[in-house]
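Chain identifiers are assigned alphabetically (A, B, ...) following the order of the sequence lines, protein sequences preceding nucleic acid strands; residue numbering begins at 1 within each chain. All values derive from a computational prediction rather than experimental measurement.
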Amino acid sequence: MAHPSQLGFQDAASPIMEELLHFHDHALMIVFLISTLVLYIIVAMVTTKLTNKFILDSQEIEIIWTLLPAIILILIALPSLRILYLMDEINDPHLTIKAMGHQWYWSYEYTDYEDLGFDSYMIPTQDLTPGQFRLLETDHRMVIPVESPIRVLVSAEDVLHSWAVPSLGVKMDAVPGRLNQTAFITSRPGVFYGQCSEICGANHSFMPIVVEAVPLEYFENWSFLMLQDA
Amino acid sequence: MSSMLKVVGKQLKNHPALIPLFIFIGGGATMSMMYLARLALKNPDVSWDRKNNPEPWNKLEHNQQYKLFAVNMDYTKLKKDRPDF
């Protein structure tokens, strides 16, 4: 989850998010370099006493400042397209989970083997126990096995919602009547928080998403216990 | 048409700095048009010819790669584990 006064991305919990982080570092470094250069040139132009009133044009500098930006743009575009295609690859998921958005909670259905379904409501602030995160915790978490490709089918039962978990690099709109697919792999066990990312009414800020990645035996125990409770 | 090209050629001789501009803009426009043409002709998501090719999205093989690039995935290794319908 995010920590107070955080400026950058959350730590990556999936390989795609790692790629996105590295690409962001690359693009931001280029942006910083260009901005510093421009600022330096501005200051140099403004603070010099030298003037030349007779320059009309120069072919050499025009070639340079056409070529260099084009090369920089290609250096940004190639990694960007690579990640774009990487995000869309079909990776043979081990588990398919349906995340349905409602006003104002998410419901998860694990129907590959048995019929397991449950709702996930936010824990109200007055019911939090010490150590829990305000506006982020839910009563039931979406538990998944760690390091397994997971497919999530996202849809909505009433209005538009969006299922987003920043540390996994995942965001997919929940549209009523439409089935959207996204997939991810968690690289490490842990608890990953997200929030509904499409305005959906009064409690849009109060329907968070919690994904808990655990080893496979824990996942099997959890799904067995959840099936018994239902 | 050829007179326009002659005018442009004359301008290029006097201002050779415009040559990289032509290369990059021309290359970019060519690549986008080629990709649009590929989408128009080979995209399985849209049916253009309702009589002869009504549902092209149903004709995909289980290990067919329909995206332009494959970064990390060897599509030939995918196995078919669904029944035909």
Side-chain angles (χ1 to χ4, degrees), chain A residues 12 14-20 22-23 26 55-96 111-113 147 149 151 153 169 178-185 187, chain B residues 7-39 42-47 55-85:
Chain A
S14 83
I16 299 276
M17 191 59 202
E18 282 177 39
E19 297 279 345
L20 287 168
H22 294 320
F23 173 69
H26 167 76
I55 296 185
L56 288 174
D57 72 344
S58 158
Q59 297 305 306
E60 295 78 12
I61 198 175
E62 293 267 356
I63 291 182
I64 292 175
W65 69 36
T66 302
L67 223 47
L68 229 41
I71 293 175
I72 291 174
L73 284 176
I74 292 177
L75 281 181
I76 297 178
L78 287 178
S80 175
L81 286 174
R82 173 181 165 270
I83 297 182
L84 197 61
Y85 278 89
L86 197 60
M87 291 198 302
D88 271 349
E89 281 188 342
I90 307 163
N91 55 358
D92 199 16
H94 294 170
L95 191 61
T96 299
T111 48
D112 282 330
Y113 303 103
E147 284 182 13
R151 171 197 284 128
L153 297 173
R178 181 182 172 88
L179 211 52
N180 280 330
Q181 168 182 281
T182 184
F184 57 86
I185 302 182
S187 352
Chain B
V7 169
V8 169
K10 226 165 126 185
Q11 288 172 336
L12 273 187
K13 280 206 196 82
N14 289 333
H15 296 93
L18 290 173
I19 294 177
L21 197 63
F22 274 91
I23 295 176
F24 287 117
I25 302 290
T30 310
M31 287 198 292
S32 358
M33 287 301 124
M34 276 175 30
Y35 185 68
L36 272 180
R38 180 196 145 91
L39 273 185
K42 288 178 65 178
N43 189 12
D45 291 341
V46 184
S47 164
E55 289 178 352
W57 51 86
N58 277 334
K59 291 196 195 149
L60 295 174
E61 298 290 319
H62 63 281
N63 58 357
Q64 179 181 345
Q65 175 192 332
Y66 59 85
K67 293 230 160 207
L68 185 53
F69 297 120
V71 180
N72 200 26
M73 186 79 195
D74 187 358
Y75 283 95
T76 55
K77 297 239 170 62
L78 281 179
K79 287 192 290 286
K80 177 170 183 161
D81 55 359
R82 309 264 183 275
D84 290 322
F85 90 101

- request: State whether the side chain of A:E62 and the backbone N or O of B:L18 hold a donor-acceptor pair below 3.5 Å, judged by distance alone.
  value: no
message: Can you confirm whether B:F24 sits close enough to A:L67 that some side-chain heavy atom of one is under 4.5 Å from a side-chain heavy atom of the other?
response: yes
- request: Please name the pair of heavy atoms, one in B:K67 and one in A:D88, separated by the smallest distance, quoted to 0.1 Å.
  value: NZ-OD2, 2.7 Å
- request: Report, as yes or no, whether the 6.0 Å neighbourhood of atom CZ on A:R178 holds more than 12 heavy atoms from other residues, nucleotides or ligands.
  value: no
- prompt: Does some side-chain heavy atom of B:L68 sit less than 4.5 Å from a side-chain heavy atom of A:Y85?
  reply: yes
- line: Greatest number of non-hydrogen atom pairs under 4.5 angstrom with chain B, of A:I61, A:L84, A:I63, falls to A:I63
field: Residue B:K42 excluded, over 12 heavy atoms near NZ under 6.0 Å
entry: no
query: If every non-hydrogen atom of A:E89 is compared with every non-hydrogen atom of B:V71, which pair is closest and at what distance?
result: OE2-N, 2.7 Å
